[in-house]
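This one's a predicted model, so the numbers in the text were calculated from it and none came from an experiment.
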Amino acid sequence: MIAEALARQGAHLALAARSVQDLQLVASKLKELGTKVITIPVDLARSADRRRLVACALEQFNQIDILVNNAGIETEGAYLDLPWESVEQTLQVNLAAPLELTHLLLPHMLARKNGHIVNIASIGAKNGVAYDAVYCGTKAGLAEWTRALRLEHEGSGVHFSTLF
């Protein structure tokens, strides 16, 4: 678990998810490691929730050193059989959310000349799979966008990683 690895290194954490119960369960385990953990229930498909997440995290910690974009939805099925609402939700969570969260936090990191943005993609980003086109497409977009940002901000002190 990424959060546990960061907590073991002494990082303070702002955890976000839709499920309050799941957030509290994870937070209680991580607090046992001696780190400060806050939970922020959000629906990352909603821009207003994304902005609230960043505002809450900055209010609690004053700065964010690492952003891990780990949320994802896998919408399986023949592309034309999928309801557009499902496609749109997958786009919002898998691609728009990391873009907007980064857009909100990157200026702070650039000003400090320090930070790391980690985007969790999928092997599907490199190898499209039938009946999983929306997921694969969003993860491919995420991976290439991360690569472009890495090139754009080389030497800035801010680093960008994609995990597959």
Show the nearest heavy-atom pair for residues [X] and [Y], with the distance to one decimal.
{"X": "A14", "Y": "A57", "answer": "CB-CB, 4.0 Å"}
{"X": "A125", "Y": "A143", "answer": "CB-CB, 4.4 Å"}
{"X": "H153", "Y": "F160", "answer": "CB-CE1, 3.7 Å"}
{"X": "I40", "Y": "I38", "answer": "CD1-CD1, 3.9 Å"}
{"X": "A45", "Y": "Q89", "answer": "CB-CG, 4.2 Å"}

Checklist outcome for this item: For E4, the salt bridge (charged side-chain N to carboxylate O under 4.0 Å, His left out) test, sequence neighbours excluded, returns R8
Item to check | Shared-cluster residues of L151, by chain and number - hydrophobic side chains joined below 4.5 Å | outcome: none
Checklist entry - Which hydrophobic side chains are connected to V129, either touching it within the sub-4.5 Å cutoff or through other members that do? => result none
Item to check | Derivation and outcome, side chain to side chain contact (heavy atoms under 4.5 Å, CB included), residues S161 and H116 | outcome: CA-CA 8 Å; S161 299; H116 199 132; 2.7 Å; yes
If you group Ile, Leu, Val, Met, Phe, Trp and Tyr by side-chain heavy-atom gaps below 4.5 Å, do [X] and [Y] land in one group?
{"X": "F164", "Y": "I117", "result": "no"}
{"X": "W145", "Y": "L106", "result": "yes"}
{"X": "V54", "Y": "V158", "result": "yes"}
{"X": "L101", "Y": "I120", "result": "no"}

Next on the checklist: Contact between L149 and T102 at the side-chain level, heavy atoms closer than 4.5 Å - yes or no?
Outcome noted: yes
Checklist entry - So do the side chains of L163 and V118 get within less than 4.5 Å of each other, counting heavy atoms only? => result yes
Checklist entry - Which pairs with one or both residues in residues 130-143 pass side-chain hydrogen bond (donor to acceptor under 3.5 Å, both in side chains), sequence neighbours excluded? => result N94-T138
Anything under 3.5 Å between a donor and an acceptor, one on a side chain of residues 67-82, the other on a protein residue two or more places apart or in another chain? List them.
| unit_1 | atom_1 | unit_2 | atom_2 | d |
| --- | --- | --- | --- | --- |
| N69 | ND2 | N119 | OD1 | 2.7 |
| T75 | OG1 | T90 | OG1 | 2.2 |

Checklist entry - Would V42 and R52 count as a side chain to side chain contact (heavy atoms under 4.5 Å, CB included) if you check the C-alpha gap in whole Å, the side-chain angles of each, and the deciding distance to 0.1 Å? => result CA-CA 8 Å; V42 295; R52 184 172 55 80; 3.5 Å; yes
Next on the checklist: One pair to check against side chain to side chain contact (heavy atoms under 4.5 Å, CB included): L104 and L58. What are the steps and the verdict?
Outcome noted: CA-CA 11 Å; L104 293 167; L58 287 172; over 6 Å; no
Checklist entry - What residues form a side chain to side chain donor-acceptor pair (under 3.5 Å) with H103, not counting sequence neighbours? => result none
Enumerate donor-acceptor pairs with a distance under 3.5 Å from any side-chain N or O in residues 15-31 to protein atoms, sequence neighbours excluded.
| unit_1 | atom_1 | unit_2 | atom_2 | d |
| --- | --- | --- | --- | --- |
| S19 | OG | D22 | N | 3.1 |
| S19 | OG | D22 | OD2 | 3.3 |
| S28 | OG | Q24 | O | 3.3 |
| S28 | OG | L25 | O | 2.8 |

Next on the checklist: Using the side chain to side chain contact (heavy atoms under 4.5 Å, CB included) criterion, which residues pair with P107? Sequence neighbours excluded.
Outcome noted: none
Item to check | Which residues share a side chain to side chain contact (heavy atoms under 4.5 Å, CB included) with A11, sequence neighbours left out | outcome: L6, L13
Would you mind writing out the side-chain donor-acceptor pairs for residues 59-66 within the sub-3.5 Å range, not counting sequence neighbours?
| unit_1 | atom_1 | unit_2 | atom_2 | d |
| --- | --- | --- | --- | --- |
| Q63 | NE2 | D65 | OD1 | 2.8 |
| D65 | OD1 | R112 | NH2 | 2.9 |

Next on the checklist: For the backbone of L44 and the side chain of D49, can you confirm whether one donor and one acceptor N or O come within less than 3.5 Å of each other?
Outcome noted: no
Next on the checklist: According to salt bridge (charged side-chain N to carboxylate O under 4.0 Å, His left out), does anything in residues 140-164 pair up with another residue at least two apart or in another chain? List the pairs.
Outcome noted: E144-R147
Next on the checklist: Can you pull out every salt bridge (charged side-chain N to carboxylate O under 4.0 Å, His left out) where at least one residue sits in residues 91-108? Sequence neighbours excluded, please.
Outcome noted: R50-E100, R51-E100
